[in-house]
Engineer: 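Mind looking over this structure? Questions follow.
None of these values were measured; they are calculated from a predicted model.
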Amino acid sequence: MKIAFIGGGRIVRIILEGLKRADSLPENISVYDKDEKALKRLERFPISTGTDNRKAANADIIFLAVHPPIIRSVLQEIKGSLKDDSIIVSLAPKVTIKQIRDQTGSQKVARIIPNAPSIINKGYNPITFSKSIKRKEKEKLLEILEPLGEFPEVDEDKLEAYAVITAMGPTYFWFQLIELEKLAKSFGMDTDEAKKAIEKMVKGAVDVLYHSQLKRDEILDLIPVKPLGESEAEIKSIYKNKLDAIFKQLKG
């Protein structure tokens, strides 16, 4: 089976690294990107690379790993050379299955919202399929991707919501956790102690929120001292304003 990626940026590096970590990297993978610097970053993987997107069209599975504004021009490049049974898998929000079908004439289309933790095989990557993809084709695609983490099948109209919550979600917390690690060390913890303390705290906090069966107000009352209490309204406002805006942009 031939697998091709159009686009060689971050998400492709995440996918290839995740598959490599799981010792599940398929043999016949090609990545095409007009930016040779992007391709150079992929040299550590046993793949072939090139700058002519049209050569991706003869693959059995074609991953579109480019930003939404570029997808239309990429599809125009490859549509004349697509095989009838090729499966197009978009890794981008905003561009719908119908739009991809209309651009290419291809009926076999899937969309995935990738999640960065896939790089360590712990991703949560919602997926949706066009009706023309057969059950065995679904199973084969999921078999290839399974080492990256979970792939829940969801309604297509929810993918943009997942893009904001799961795909972009780690960026809402990573910088805060890194800052907590710095503070923990400034308070006297060594690096290992700080990392372990924050990891256990975050995992425990999530488990309490979703598995304790306590009500939300009971959870919020478990800790009497809230150093950021005075800033909560401002933080909530930032979340609402920023995430509402980007969601509307993706759905627009």
Engineer: Examine distances only and state if a side-chain atom of N125 and a backbone atom of N115 form a donor-acceptor pair shorter than 3.5 Å.
Structural biologist: yes
Engineer: Please name the pair of heavy atoms, one in K94 and one in Q99, separated by the smallest distance, quoted to 0.1 Å.
Structural biologist: O-OE1, 3.7 Å
Engineer: Quickly, which of L142, I87, V109 forms a side-chain contact (heavy atoms from CB on, under 4.5 Å) with F129? Name it, please.
Structural biologist: L142
Engineer: Which heavy atom of I61 sits nearest a heavy atom of I144, and at what distance?
Structural biologist: CD1-CD1, 3.7 Å
Engineer: Between M168 and I246, is a side-chain contact (heavy atoms from CB on, under 4.5 Å) present by the stated rule, with each step listed?
Structural biologist: CA-CA 11 Å; M168 302 174 197; I246 196 163; 3.6 Å; yes
Engineer: Let me check something: do L148 and V12 share a hydrophobic cluster, defined by ILVMFWY side-chain heavy atoms less than 4.5 Å apart, either directly or through other members?
Structural biologist: yes
Engineer: Where the side chain of K55 meets the backbone of Y32, is there a donor-acceptor pair that is under 3.5 Å apart?
Structural biologist: no
Engineer: Under a 4.0 Å N-O cut-off, is there an ion pair linking K98 with E156?
Structural biologist: no
Engineer: Does V154 offer a backbone N or O that forms a donor-acceptor pair with the side chain of T128 under 3.5 Å?
Structural biologist: yes
Engineer: Taking only residues two or more places apart in sequence, or in another chain, which ones meet D23 in a side chain to side chain contact (heavy atoms under 4.5 Å, CB included)?
Structural biologist: none
Engineer: Under 4.0 Å between a side-chain nitrogen and a carboxylate oxygen: does that hold for E153 and K138?
Structural biologist: yes
Engineer: The test is side-chain contact (heavy atoms from CB on, under 4.5 Å); show your working for E160 and F247 and say whether it passes.
Structural biologist: CA-CA 7 Å; E160 282 65 42; F247 177 71; 4.0 Å; yes
Engineer: Checking I15 against F5 for the side-chain contact (heavy atoms from CB on, under 4.5 Å) test, could you report, in this order, the C-alpha distance in whole Å, the side-chain angles of both residues, the deciding distance, and whether it holds?
Structural biologist: CA-CA 11 Å; I15 289 172; F5 289 85; 4.1 Å; yes
Engineer: side-chain contact (heavy atoms from CB on, under 4.5 Å) between I71 and V66: does it pass, once the steps are laid out?
Structural biologist: CA-CA 6 Å; I71 286 181; V66 295; 3.6 Å; yes
Engineer: Can you spot which of R10, R44, R41 makes a salt bridge (Lys or Arg N to Asp or Glu O under 4.0 Å) with E17?
Structural biologist: R44
Engineer: Is the closest side-chain heavy-atom distance between Y124 and P117 below 4.5 Å?
Structural biologist: no
Engineer: Counting only heavy atoms not in E139 (residues, nucleotides, ligands), do more than 12 fall under 6.0 Å from its CD?
Structural biologist: yes
Engineer: May I ask you to say whether K40 pairs ionically with E36, meaning some side-chain N is under 4.0 Å from a carboxylate O?
Structural biologist: no
Engineer: Would you confirm whether E234, through its side chain, and S231, through its main-chain N or O, come within 3.5 Å as a donor-acceptor pair?
Structural biologist: no
Engineer: Restricting to non-hydrogen atoms, name the atom on I14 and the atom on S118 that form the minimum distance, rounded to 0.1 Å.
Structural biologist: CG2-CB, 4.0 Å
Engineer: Just by modelled atom types, is the K158 backbone N or O under 3.5 Å from a matching donor or acceptor in the D155 side chain?
Structural biologist: no
Engineer: Please verify the inter-ring angle class for Y239 with Y172; under 30° counts as parallel, over 60° as perpendicular, anything in between as tilted.
Structural biologist: perpendicular
Engineer: Keeping N121 on the side-chain end and G18 on the backbone end, is there a donor-acceptor pair under 3.5 Å?
Structural biologist: yes
Engineer: Kindly compute the distance separating CG (L145) from CG (L19), expressed to the nearest 0.5 Å.
Structural biologist: 7.0 Å
Engineer: For the pair K83 and D60, find out whether any cationic side-chain nitrogen is under 4.0 Å from an anionic carboxylate oxygen.
Structural biologist: yes
Engineer: Provide the closest heavy-atom pair for Y210 versus R216 in the form atom of the first, atom of the second, distance.
Structural biologist: CE2-NH2, 3.9 Å
Engineer: Can you give me the closest heavy-atom contact between A57 and I78, atom names plus distance?
Structural biologist: CB-O, 3.8 Å
Engineer: Has the side chain of S90 got a donor or acceptor atom that lies under 3.5 Å from a matching backbone atom of L64?
Structural biologist: no
Engineer: Below 4.0 angstrom, N of the basic side chain to O of the carboxylate: do D52 and R54 qualify?
Structural biologist: yes
Engineer: Can you give me the closest heavy-atom contact between S106 and L82, atom names plus distance?
Structural biologist: CB-CD1, 4.5 Å
Engineer: Whether the side chain of R13 engages the backbone of A38 through a donor-acceptor N/O pair (distance < 3.5 Å, no angle test) should be reported.
Structural biologist: no
Engineer: Determine, for K195 against E199, whether the closest basic-nitrogen to carboxylate-oxygen distance falls under 4.0 angstrom.
Structural biologist: no
Engineer: So, D221 side chain and D217 main chain: donor-acceptor pair closer than 3.5 Å or not?
Structural biologist: no
